[in-house]
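To keep things clear, I will list the structure first and then write my remarks on it.
Atom set for the values below is all heavy atoms of this structure, side chains included, hydrogens, waters and symmetry mates excluded. In this text the structure is predicted, and so the values were computed from the model without any measurement.
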Amino acid sequence: MPREYALNKVRNIGIMAHIDAGKTTTSERILFYTGKTHKIGEVHDGGATMDWMVQEQERGITITSAATTCIWKDHMINLIDTPGHVDFTMEVERSLRVLDGAVEVFTAKEGVQAQSIKVWNQANKYGVPRIAYVNKMDTLGADFFYAVDQMKEMLGANAIPVELPIGKEDTFEGVIDLVEMKAIYFRDDEGKVMDVVEIPAEYKAQADEYRAALIEAVAETDDSLLEKFFAGEELSVDEIRKAIRQSTCELKMLPVLCGSSYKNKGIQELLDAVVYYLPSPTDIPPMAGTDMNGNPIECAADDKAPLAGLAFKIATDQFGRLTFFRIYSGCLKSGSYLLNTTTGEKERISRLVRMHSNSRNEISEAYAGDIVAIIGLKDTATGDTLCDESKPVKLENMDYPDPVISMAIEPKTKGDQEKMTNALLKLAGEDPSFRFSTNRETGQTIIAGMGELHLNIEVDRLKREYGVECNVGAPQVAYKETLRGSIEATGKYIRQSGGKGQYGHCVVKFEGLEPGEGYKFVDATVGGSIPKEYIPAVDKGIREACQSGVLAGYPTVDFKATVLDGSYHEVDSSESAFMIAGSMAFKEAFKKGNSVILEPIMKVEIQVPDKYLGDVLGDLSRRRGNVIGTTLKNGNQTIEGEVPLSEMSGYVTDLRSLTQGRGDSSMEPCKYAEVPRNIAEKIIGDRAKKD
């Protein structure tokens with residue numbers, strides 16, 4: 001079956017933003033105007049097509065990224081609507097990993113918010129070109145130019161408006177297209193009836209000013225355009241659009257548009273901008289990977305090249321296991337076999353489908369640049385590379401954030417234990433930021449994730465989707481332990497029995513490292529005091545021991561272990577003996593050294609009416625919070641600060657109580673910091689009681 005749309009007419013885009021900025025509302029309008037749906041779905045009444053999970057419909061938020069394909073002006077747009085809540089940041093991460101472009105949605109009132117910065121930085125990490133859409137121009141306090149200024153100041157973006165609003169708040173009625181220098185008025189409730197007219201006199205001076213700034217910005221992209229600019233010649237519409245596209249693809253410009261998704265104003269122009277300014281798979285550099293020997297290799301966006309692609313999301317529903325797959329090169333056919341270079345196993349492609357939220361459209365072939373789902377893969381996980389077995393390649397995997405909160409969970413009946421374990425395996429397979437383990441001392445099952453909401457959703461899915469009724473404990477903060485300074489310790493394991501004995505002896509220097517440096521191991525032995533074949537065993541013993549620290553049993557991080565000396569026995573020494581010796585050295589060092597407990601610190605952003613500022617700041621101080629700054633706009637204060645996660649349990653409810661329901665907040669993991677001594681003593685005491 002031949003390709004339906006040429007590769008240069010394919011757009012793989014994501015919609016990303018802070019929570020409640022209007023991502024899903026914008027996505028629903030895109031589906032409506034492209035003819036994918038015939039009725040506009042609304043988030044507030046649980047009717048949004050892209051929010052298909054029961055949990056999403058009940059809460060009015062996006063939890064899992066949903067994919068669909070739609071057509072606009074003879075272009076195929078593969079669209080992914082991503083979550084805005086920080087607890088589900090992994091969904092944004094893995095979507096951006098495979099997308100060619102993105103639309104970042106900002107609100108006209110709040111501008112750049114905490115999660116706006118987070119998703120912006122995630123897009124920077126993967127070099128994803130973006131356009132900005134300033135939504136909610138109809139709301140009280142809307143200020144398009146404030147939002148643009150914040151993009152420049154807080155994101156460091158070269159934000160250049162390509163549209164200006166006509167009116168604001170309840171007088172918002174259209175936009176000015178600065179490329180064609182026309183005014184567009186939206187005349188009906190569905191936004192389908194539009195009048196394209198000359199720019200009204202009262203907006204002409206402002207439009208000329210911003211048009212001049214736009215022309216100056218695009219002229220710098222090309223010498224011939226610069227010559228025309230200095231010669232006073234008019235640039236054509238096609239020249240301007242081509243230059244904007246080039247600058248956007250090179251991450252040198254952020255084109256800014258505006259509208260009101262809920263009021264159906266500005267979406268068609270946003271779709272035009274996606275087609276005009278965001279890249280096709282041929283406009284971005286080829287995906288880089290390595291061959292099996294570690295040599296660099298490129299996967300060009302070409303249907304005739306050997307197939308290579310990335311599995312970026314696993315989902316399970318009542319019909320089976322779905323693997324979402326981005327094809328970077330080659331052609332994929334149902335019934336074919338591919339090599340998983342991450343596992344070394346071959347996988348059969350039994351069925352291929354295009355997704356529309358949670359519904360499927362079966363296809364027989366897919367091509368370079370496509371985003372599809374594969375049914376029936378057994379051993380492929382998120383981040384695995386699938387490729388032509390005759391041309392093996394391994395693409396860069398994704399980074400998975402470490403959980404910051406955990407809770408104990410147990411089935412209500414013993415008979416459900418195996419059922420719960422199988423369900424947890426499936427949930428963890430879908431979401432790499434969700435983990436579970438068994439506590440060796442207590443035998444409890446511990447689930448861990450990115451926040452209380454994240455864990456609550458997973459527990460709810462256990463009950464609804466897998467029929468596992470379970471009891472859960474209170475959320476527990478993911479503390480860590482580390483070492484301050486340095487100390488030497490000896491691990492000596494001697495065991496004599498009737499037969500062969502055990503002997504392992506090592507002297508290790510332990511040093512604390514800077515936050516985020518992890519664990520480092522160095523062999524500094526000389527003269528063969530410890531045979532080389534036993535050095536890895538010392539390393540392994542320390543690695544295993546550091547999973548449970550000596551202060552309160554939390555994982556130990558950010559330290560360096562240097563083996564200085566030791567001894568061995570010709571007959572009795574073994575790998576297991578040196579593993580135990582390494583573990584003993586670790587425990588001795590961290591008992592005698594300056595060990596400390598670290599706690600996760602959250603970056604918080606709080607919006608409250610000005611009159612409640614004092615109460616909210618006082619409450620943050622009580623929670624050991626550090627206020628970084630406050631900003632006043634339109635009678636509302638935006639507070640930025642850092643607060644220990646352990647102090648933020650139930651904060652949303654408390655904030656609403658303090659502000660009579662008018663406060664709003666968001667938070668995201670920021671860093672780990674040392675716990676104050678009095679808090680550390682309580683943590684150690686509480687842990688001792690549990691054990």
Side-chain angles (χ1 to χ4, degrees), residues 19 46 50-66 81-95 115 312-318 320-324 357-358 381-383 398 400-413 416-439 442-478 600 602 645 648-652 666-669:
I19 192 169
M50 301 298 272
D51 284 350
W52 58 271
M53 291 176 65
V54 174
Q55 294 85 354
E56 293 176 313
Q57 294 167 357
E58 288 178 349
R59 291 166 173 82
I61 62 170
T62 301
I63 293 170
T64 182
S65 51
D81 176 30
T82 67
H85 198 288
V86 67
D87 282 17
F88 309 104
T89 189
M90 183 62 209
E91 290 290 322
V92 183
E93 182 89 12
R94 59 183 172 189
S95 297
Q115 190 67 1
F312 68 95
K313 177 180 168 75
I314 308 296
T316 306
D317 62 16
Q318 68 268 33
R321 193 170 188 261
L322 279 172
T323 302
F324 287 76
S357 188
N358 63 330
T382 299
M398 290 176 271
Y400 307 134
D402 289 328
V404 297
I405 196 165
S406 63
M407 63 171 63
I409 183 172
E410 61 180 23
K412 286 189 175 179
T413 64
D416 275 346
Q417 181 64 54
E418 184 178 350
K419 191 176 178 183
M420 185 182 81
T421 301
N422 291 334
L424 288 173
L425 281 168
K426 290 180 179 179
L427 292 176
E430 293 181 26
D431 181 359
S433 64
F434 173 72
R435 321 256 173 99
F436 76 97
S437 59
T438 302
N439 185 297
T442 65
Q444 284 183 309
T445 299
I446 306 297
I447 59 174
M450 302 307 297
E452 286 187 59
L453 178 61
H454 187 195
L455 295 185
N456 289 339
I457 293 295
E458 299 294 10
V459 170
D460 192 56
R461 292 188 64 194
L462 275 176
K463 295 175 181 177
R464 296 198 196 204
E465 295 177 27
Y466 298 100
V468 179
E469 290 293 332
C470 45
N471 300 315
V472 297
Q476 301 294 315
V477 174
M602 309 301 286
L645 175 61
M648 294 299 283
S649 177
Y651 182 68
V652 172
S666 65
M667 65 179 182
E668 63 177 287

Taking side chain to side chain contact (heavy atoms under 4.5 Å, CB included) as the definition, give me every residue that meets it alongside [X], ordered by chain and number, with sequence neighbours left out.
{"X": "A408", "answer": "Q444, I446"}
{"X": "P411", "answer": "D416, Q417, M420"}
{"X": "A428", "answer": "F434, F436"}
{"X": "E410", "answer": "N471"}

Please give me the minimum heavy-atom distance between [X] and [Y], naming the atom from each residue.
{"X": "L462", "Y": "A423", "answer": "CD2-CB, 3.4 Å"}
{"X": "K419", "Y": "Y466", "answer": "CE-O, 3.1 Å"}
{"X": "K463", "Y": "C470", "answer": "CE-O, 4.0 Å"}
{"X": "N456", "Y": "M407", "answer": "OD1-CE, 4.3 Å"}
{"X": "G449", "Y": "L455", "answer": "N-CD2, 3.5 Å"}
{"X": "A478", "Y": "P600", "answer": "O-CD, 3.7 Å"}

Find the distance between [atom1] ([X]) and [atom2] ([Y]) and round it off to the nearest 0.5 Å.
{"X": "T445", "Y": "I409", "atom1": "OG1", "atom2": "CD1", "answer": "7.5 Å"}
{"X": "E469", "Y": "T413", "atom1": "CD", "atom2": "OG1", "answer": "9.5 Å"}
{"X": "H454", "Y": "D431", "atom1": "NE2", "atom2": "CG", "answer": "4.0 Å"}
{"X": "R435", "Y": "L424", "atom1": "CZ", "atom2": "CG", "answer": "14.0 Å"}

